[in-house]
> 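A single structure is presented below for examination.
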Amino acid sequence: MTALFWALKIVAVTLGETGSDEFAIELKYGYVACGICFFLFFLIVAGVQLRAKRYYPAIFWTVIFSTSIAGTAFSDLMDRGIGSSSTVTQNGIGYGAGAVILTGLLVVIFLVWWRTGQTYDVEKIATRKGEILYWAAILVSNTLGTASGDWLSRNTGLGFRNAFFIIAGIMLLLLAAHYVTHINSMVLFWLAFILTRPLSAAAGDSITKPVSEGGLGLGTLWGSVALVGLLAALVVYQTWRIRRHPLDLLPAPEHRITGQPQRPNGQLVMASGPQPDQIVEASTRTDR
């Protein structure tokens with residue numbers, strides 16, 4: 001988890017925010033149609049990611065983007081109601097209620113994740129079941145981020161920019177806690193990962209929304225175009241870095257509770273050590 005990872009995450013999910021608003025609100029396709037289309041897009045690219053035998057930055061960050069654009073549409077549908085309104089209507093449940101429901105759903109996913117015995121360490125997820133849980137948690141967290149970001153920006157009266165600075169300040173505290181405390185690193189990771197979504201929602205709205213609503217008035221179209229260019233440049237840079245310095249092989253996955261070996265969902269994993277003769281093909285492993 002490097003600074004480049006967090007930069008890519010923030011840009012990808014901000015693009016999901018502005019992209020969803022462009023289709024659902026500006027082009028008036030509505031939240032229902034956009035939610036369905038974007039979710040199908042997520043299923044397709046997530047399927048490609050699950051079948052990939054190694055890490056491809058373009059595929060991985062496309063899936064992250066898809067969770068954000070689908071999550072934004074679903075969150076807005078739930079909070080604002082059917083249609084394409086940029087504010088809560090009588091058909092919506094509101095940002096606060098939406099955030100509470102989605103928080104509960106995310107907690108359920110993490111409890112299921114815990115009971116399966118899969119690792120929470122996102123840098124060592126090497127099984128298909130673990131990866132499915134990982135993407136489910138990301139989809140819900142990015143949906144939650146839209147609702148919580150809108151609640152903080154609109155319902156509290158802070159506005160987009162003040163909400164952005166508050167969330168950014170909390171993330172800096174989490175960064176400091178990583179270096180000066182003994183808090184579990186995965187707890188800090190998931191807190192920061194979830195917070196990047198309301199951070200990006202506040203950032204995207206502060207750039208694209210009209211001046212009358214507290215934004216800069218750039219618009220969702222040109223804001224999205226700029227973010228696409230930035231995301232593409234960062235993905236190309238990460239791809240170049242990985243080609244120059246290939247990633248380390250993952251340890252052979254084990255059940256977190258029983259310690260039994262699991263079938264890896266990748267091309268190569270490390271059996272039990274760094275020696276070349278200990279590297280095994282994923283297809284030779286069996287579940288226990």
Side-chain angles (χ1 to χ4, degrees), residues 8-53 55-86 89 91-93 98-99 101-106 108-109 112-113 122 125 127-150 193-194 196-198 200-201 204 208 220-221 223-225 227-228 231-232 235 265:
L8 278 158
K9 170 62 163 62
I10 292 172
V11 173
V13 295
T14 305
L15 175 59
E17 171 81 16
T18 60
S20 179
D21 287 350
E22 172 65 20
F23 283 101
I25 300 175
E26 300 300 326
L27 298 179
K28 299 191 181 303
Y29 287 116
Y31 298 125
V32 175
C34 287
I36 294 172
C37 291
F38 297 153
F39 183 67
L40 291 175
F41 173 60
F42 160 72
L43 291 178
I44 293 171
V45 294
V48 173
Q49 167 67 23
L50 289 171
R51 292 180 62 85
K53 296 302 182 182
Y55 174 67
Y56 297 96
I59 298 175
F60 180 88
W61 292 109
T62 299
V63 184
I64 293 289
F65 160 70
S66 73
T67 63
S68 178
I69 195 168
T72 300
F74 282 133
S75 179
D76 289 341
L77 172 62
M78 181 170 57
D79 300 338
R80 298 172 181 173
I82 297 173
S84 57
S85 173
S86 61
T89 67
N91 297 317
I93 65 175
I101 292 172
L102 291 165
T103 299
L105 180 57
L106 186 60
V108 169
I109 291 175
V112 171
W113 193 336
V122 296
I125 294 175
T127 66
R128 177 157 296 185
K129 183 183 292 184
E131 197 169 354
I132 289 173
L133 289 165
Y134 172 74
W135 288 115
I138 290 178
L139 177 63
V140 175
S141 70
N142 281 337
T143 307
L144 167 62
T146 300
S148 58
D150 285 339
F193 195 91
I194 293 168
T196 56
R197 188 60 189 86
S200 67
T208 61
T220 54
L221 176 59
S224 298
V225 169
L227 288 167
V228 166
L231 181 62
V235 168
N265 186 34

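Hydrogens, waters and symmetry mates play no part in the numbers below; they use all other heavy atoms, side chains included. For reference, positions follow the sequence shown, starting with 1.
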> Where is the tightest heavy-atom contact between L139 and G71, given as atom of each residue plus distance?
CD1-N, 4.5 Å

> Using modelled atom types and a 3.5 Å cut-off, is there a donor and acceptor pairing between side-chain atoms of T196 and backbone atoms of F193?
yes

> Ignoring hydrogens and geometry beyond distance, is a side-chain donor-acceptor pair present between S75 and T143 at under 3.5 Å?
no

> How far does CG of N91 sit from CG of L77, to the nearest 0.5 angstrom?
9.5 Å

> If we ignore hydrogens and angles and just use 3.5 Å, is the side chain of T62 paired with the main-chain N or O of A58 as donor and acceptor?
yes

> Looking only at heavy atoms, which two atoms of R197 and K9 are closest? And how far apart?
N-NZ, 4.3 Å

> Which distance, rounded to the nearest 0.5 Å, do you find between the CD1 of I101 and the CE of M78?
5.5 Å

> Say you draw a straight line from CG of N142 to CG of L144; how long is it, rounded to the nearest 0.5 Å?
9.0 Å

> Using the ring-ring contact (aromatic ring centres under 6.0 Å, His included) criterion, which residues pair with W61? Sequence neighbours excluded.
F5

> Could you give the distance from CD1 (I64) to CD1 (I138), rounded to the nearest 0.5 Å?
4.0 Å

> I need the minimum non-hydrogen distance between I69 and G19, along with the two atoms involved.
CD1-C, 4.0 Å

> Could you check whether any side-chain heavy atom of D150 comes within less than 4.5 Å of a side-chain heavy atom of D76, counting everything from C-beta outward?
yes

> Using side-chain hydrogen bond (donor to acceptor under 3.5 Å, both in side chains), reason through T220 and D21 one step at a time and then give a plain yes or no.
CA-CA 7 Å; T220 54; D21 287 350; over 6 Å; no

> Please check if the side chain of S68 supplies one atom and the backbone of F65 the other of a donor-acceptor pair under 3.5 Å.
no

> Indicate the atoms forming the closest heavy-atom contact of S66 with V63, along with that distance.
OG-O, 2.6 Å

> Any idea how Y134 and W113 line up, ring-wise: parallel (<30°), tilted (30 to 60°), or perpendicular (>60°)?
perpendicular

> Under a 3.5 Å distance rule, please check whether S148 uses its side chain to pair with a backbone N or O of G145 as donor and acceptor.
yes

> Throw together a table of side-chain donor-acceptor distances under 3.5 angstrom for residues 27-49, partners on residues two or more places apart or in other chains.
unit_1, atom_1, unit_2, atom_2, d
Y31, OH, R80, NH1, 2.9
Y31, OH, S85, O, 2.5
Q49, NE2, E131, OE2, 3.0

> Between L15 and S224, what is the shortest heavy-atom contact and its length?
CD1-O, 3.5 Å

> What's the shortest heavy-atom distance between S141 and I194, and which atoms?
CB-CG1, 3.8 Å

